[in-house]
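Below is one structure, written out as structure tokens; the observations come after it.
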Amino acid sequence: MHVRVVENYTCLGEKAAEIVAAALRANPRLTLGLPTGGTPEGMYEALARRFQAGECDFSQLTAFNLDEYVGLESAHPQSYSFYMEKHFYSRVNVDRQKVFLPSWSGGDCVAFCRSYDALIASKGGIDLQILGIGINGHIGFNEPGPILHRDTHLIDLAPETLKANSRFFPPGAEVPRQAITMGMGTIMGAKEILLLASGSAKSRALAEALDGFIRTTLPASILQLHPSCTVLADKEAGVLLKGGFVP
Ligand code: F6R
């Protein structure tokens, strides 16, 4: 694992965008795995700026989102489809035929999840998977528990996740209780992983994930087993990491 702590949220977004842009230059037909949430907004902003400056071309990119709420239509402002349009896709030259989210709208859920994994496999798997981390150590929506799923699946969101994500919803609105998420096997199958962490609320989960035991009760700890995982944290998130991780 390569760990880098940067000064602040802005630097985190810039550095993450730099890594994505370099990967895209090396392989314009890159397949990315993408997160939503507060953490990657700065990265999407920095990527959009690079596109506007003529530094990035996303036209051949394929992208798969990690997860999507169950029960929100794509046009719903809190859906992850909407998020991706707002923060990234509407601002760059992606081909809409090549970007995918696990937006399940009913029917056979298991078959839907299998088809999402099959689609990823048909594109040769994910080249670079970008992740955030939950305060409970989840990645994607693989929530802590006695077991972890390998494949894309339907999950009941943990109470901590519902609480954390309620900040994106209008006061009083209910956060969807379920989501479809890539499984740990889907995530760990990526050739490279970039984990982003920002803010002091993530410091404990991040330290446990990087320096603690590998366990299903802290899903991000499994990343210790990935052969090519980079962790980018801002100072607040990185504050509890063991010494030696300096910019
Ligand atoms: C979202 C996702 C989640 C988030 C995590 C952190 O697509 O997969 O694992 O990355 O909950 O969310 P933020 O960045 O909002 O703190």
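None of these values were measured; they are calculated from a predicted model. Atoms within a ligand are numbered from 1 in the order they appear, just like the ligands themselves.
- Of the candidates N142, N165, T36, it is T36 that places a heavy atom closest to atom 4 (C) of ligand 1.
- Salt-bridge formation is not detected for the pair R50/E45: no Lys NZ or Arg NE/NH1/NH2 atom is positioned less than 4.0 Å from an Asp or Glu carboxylate oxygen.
- The protein non-hydrogen atom at the shortest distance from atom 10 (O) of ligand 1 is G132 CA, 3.3 Å.
- Looking at atom 8 (O) of ligand 1, its nearest protein heavy atom turns out to be D67 OD2, 2.7 Å.
- Between T39 and ligand 1, at least one N/O pair is under 3.5 Å apart.
- From L195, atom CG reaches atom NE2 of H2 across 13.0 Å, with rounding to the nearest 0.5 Å.
- In summary, E18 and K15 engage in a salt bridge, as defined by a charged side-chain N under 4.0 Å from a carboxylate O.
- Taking the six-membered ring where the residue is Trp, H87 and Y83 present tilted rings, their angle falling between 30° and 60°.
- Backbone and side-chain nitrogen or oxygen atoms of P40 are examined, and none is located within less than 3.5 angstrom of a nitrogen or oxygen of ligand 1.
- Ligand 1 has no N or O atom lying under 3.5 Å from any N or O atom of Y80, backbone or side chain.
- Under a 4.0 Å N-O distance rule, the pair K242/D211 does not qualify as a salt bridge.
- Atom numbering of ligand 1 starts at 1 in the shown order; those under 4.0 Å from a heavy atom of F168 are 15 (O).
- Nearest to atom 9 (O) of ligand 1 among the protein's heavy atoms is G140 O, 2.7 Å.
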**Request:** Might you work through the salt bridge (charged side-chain N to carboxylate O under 4.0 Å, His left out) test for R91 and E85, ending with a clear yes or no?
**Result:** CA-CA 8 Å; R91 307 178 66 190; E85 272 302 313; over 6 Å; no
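- Summary of contacts: the protein heavy atom closest to atom 12 (O) of ligand 1 is K202 NZ, 4.2 Å.
- A salt bridge does not link E236 to K202: none of the charged side-chain nitrogens sits closer than 4.0 Å to a carboxylate oxygen.
- If you number the atoms of ligand 1 from 1 as listed, the ones under 4.0 Å from a heavy atom of R167 come out as 13 (P), 15 (O), 16 (O).
- With a 4.0 Å heavy-atom cut-off, ligand 1 is reached by no atom of Y83.
- Summary of contacts: the protein heavy atom closest to atom 6 (C) of ligand 1 is I133 O, 3.4 Å.
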**Message:** Could you go through R215 and E208, starting from their C-alpha distance and side-chain angles, then the distance that decides it, and tell me whether this counts as salt bridge (charged side-chain N to carboxylate O under 4.0 Å, His left out)?
**Reply:** CA-CA 10 Å; R215 55 199 194 272; E208 287 285 327; 2.5 Å; yes
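- At the shortest separation from atom 5 (C) of ligand 1 among protein heavy atoms lies H138 NE2, 3.4 Å.
- For the pair E143 and ligand 1, no heavy-atom separation below 4.0 Å is found.
- A heavy-atom distance below 4.5 Å is found between the side chains of M1 and V231.
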